[in-house]
Amino acid sequence: MLTMFNNRKDFQNAECDTAILPVGALEQHGSHLPYGTDTIIAGELAERLALTLDAYLLPPISIASSIEHRADKGTVYLKADTLALVIRDIAESLLYSGFKRLLLINGHGGNWILKPTIRQLNRDFTDRSDEMEVILIHTSVAQGRQHEVMEHTKLDIHGGEKETSHILHLCPEHVKDYAPQSAPTNVPQDFMDYFDVTELTEDGYWGYPEAASAEKGEKMMDLMVECSLGYLQQIEREKERIRKLKN
Ligand SMILES: [Zn+2]
């Protein structure tokens, strides 16, 4: 695995052509979790994948699209269009310096712009015959199997059972007591298109932190690694199938 701590010789000698970029957020997560929660979770998944794939682990983008949390002091965000341009520049510079694959590990639902960005980028690379692909993996990659670990699989969106479990597992010293809310937030998730999260919730979290545990966090991370690797293998199998059809 390569990281920002490696030197020029290390990079020259390495055969690695995959780079992995965690994309997080810097935004309020209720009274109990740190602002960097999404960056911490995406960073852990990215590191686990970089170790397994012997890839180049890039330092995280820890300020991204958190406009829906902007009312809270300390939340800092990039506009979605800015984030798209940042990703485009990173992908292009990796291509220029000899990489062929970029995995974006997204830890924050508000970074929705990543999806149309990579869909376009991959076509742009193909049209220019550039050997580069950009793959997007969200930390909800194991959503379909979340019920194997978590009690709540619906409306556990932000600072709830899942995210609190991850932080209890990864850095418990940063978890404080949660502030009980009088009722769960029961509106569609896309209401963040219209309202700030702190208008929709009492303490800025949306979900069930009371059900969290470090054990659940550890199991969930293992599941996310497994599902991410499965997703990558599925893409490779599909490429192989299409290659055979064309020959
Ligand atoms: Zn989060």
Side-chain angles (χ1 to χ4, degrees), residues 1-4 6 11 14-24 38-61 64 83-84 86-88 90-109 111-126 129-150 162 166 169-170 217-247:
M1 179 174 80
L2 295 166
T3 70
M4 65 175 180
N6 285 100
F11 276 91
E15 285 183 12
C16 134
D17 60 8
T18 296
I20 303 188
L21 175 68
V23 187
D38 297 348
T39 306
I40 295 164
I41 299 169
E44 175 70 14
L45 178 59
E47 186 172 349
R48 294 270 302 265
L49 293 174
L51 279 166
T52 307
L53 302 170
D54 196 18
Y56 173 23
L57 176 65
L58 295 160
I61 296 183
L83 179 60
V86 170
I87 296 301
R88 185 170 277 273
I90 290 173
E92 302 243 357
S93 63
L94 284 163
L95 166 71
Y96 195 77
S97 76
F99 285 84
K100 293 184 173 161
R101 185 165 68 153
L102 169 62
L103 309 186
L104 299 179
I105 308 300
N106 177 31
H108 172 51
N111 295 335
W112 52 268
I113 194 78
L114 295 178
K115 200 167 183 62
T117 301
I118 69 138
R119 197 171 283 204
Q120 183 64 47
L121 252 182
N122 283 320
R123 270 36 175 233
D124 293 349
F125 285 132
T126 306
S129 301
D130 284 329
E131 248 194 287
M132 179 64 156
E133 64 175 343
V134 189
I135 294 171
L136 177 61
I137 294 178
H138 196 280
T139 49
S140 64
V141 62
Q143 182 81 27
R145 293 179 59 190
Q146 193 170 318
H147 64 275
E148 294 174 24
V149 180
M150 299 289 164
K162 192 170 84 165
H166 280 304
H169 166 224
L170 298 171
E218 188 178 2
K219 279 188 194 159
M220 197 65 212
M221 185 55 70
D222 288 345
L223 203 54
M224 284 152 62
V225 172
E226 186 188 327
C227 290
S228 301
L229 294 172
Y231 182 64
L232 293 175
Q233 285 161 3
Q234 200 181 354
I235 293 172
E236 288 309 310
R237 279 199 301 272
E238 192 61 12
K239 273 196 234 165
E240 189 54 34
R241 189 188 68 79
I242 293 167
R243 201 176 297 131
K244 276 184 189 155
L245 273 182
K246 283 183 178 168
N247 289 333

Nearest non-hydrogen partners of [X] and [Y], listed with the distance:
| X | Y | value |
| --- | --- | --- |
| L57 | A50 | CB-CB, 3.9 Å |
| R119 | R123 | O-NH1, 3.3 Å |
| G217 | H166 | O-ND1, 3.7 Å |
| H147 | G144 | CE1-O, 3.2 Å |

Using 0.5 Å steps for rounding, measure from the [atom1] atom of [X] to the [atom2] atom of [Y].
| X | Y | atom1 | atom2 | value |
| --- | --- | --- | --- | --- |
| K244 | K246 | NZ | NZ | 15.0 Å |
| N106 | L114 | CG | CG | 5.0 Å |
| T18 | F99 | OG1 | CZ | 8.5 Å |
| L58 | L102 | CG | CG | 7.0 Å |
| T139 | E44 | OG1 | CD | 12.5 Å |
| L53 | R101 | CG | CZ | 6.0 Å |

Are any side-chain N or O atoms of [X] and backbone N or O atoms of [Y], one a donor and one an acceptor, separated by less than 3.5 Å?
| X | Y | value |
| --- | --- | --- |
| D54 | M1 | yes |
| D222 | K219 | no |
| N111 | G24 | yes |

Just wondering, are more than 12 heavy atoms of other shown residues or ligands nearer than 6.0 Å to OH in Y231?
->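 For Y231, atom OH is not crowded (no more than 12 foreign heavy atoms under 6.0 Å).
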
Going by heavy atoms in the side chains, are K162 and I41 under 4.5 Å from each other?
->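 Side-chain contact under 4.5 Å: no.
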
Report yes if some heavy atom in the side chain of I137 is under 4.5 Å from a heavy atom in the side chain of L232; otherwise report no.
->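 Yes; the side chains approach each other to less than 4.5 Å.
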
Could you list the residues that satisfy side chain to side chain contact (heavy atoms under 4.5 Å, CB included) with E131, not counting sequence neighbours?
->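 Result, side chain to side chain contact (heavy atoms under 4.5 Å, CB included) vs E131: K100.
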
Partner set under side chain to side chain contact (heavy atoms under 4.5 Å, CB included) for K239, not counting sequence neighbours |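 Only E133, I235, E236, R243 meet the side chain to side chain contact (heavy atoms under 4.5 Å, CB included) criterion with K239.
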
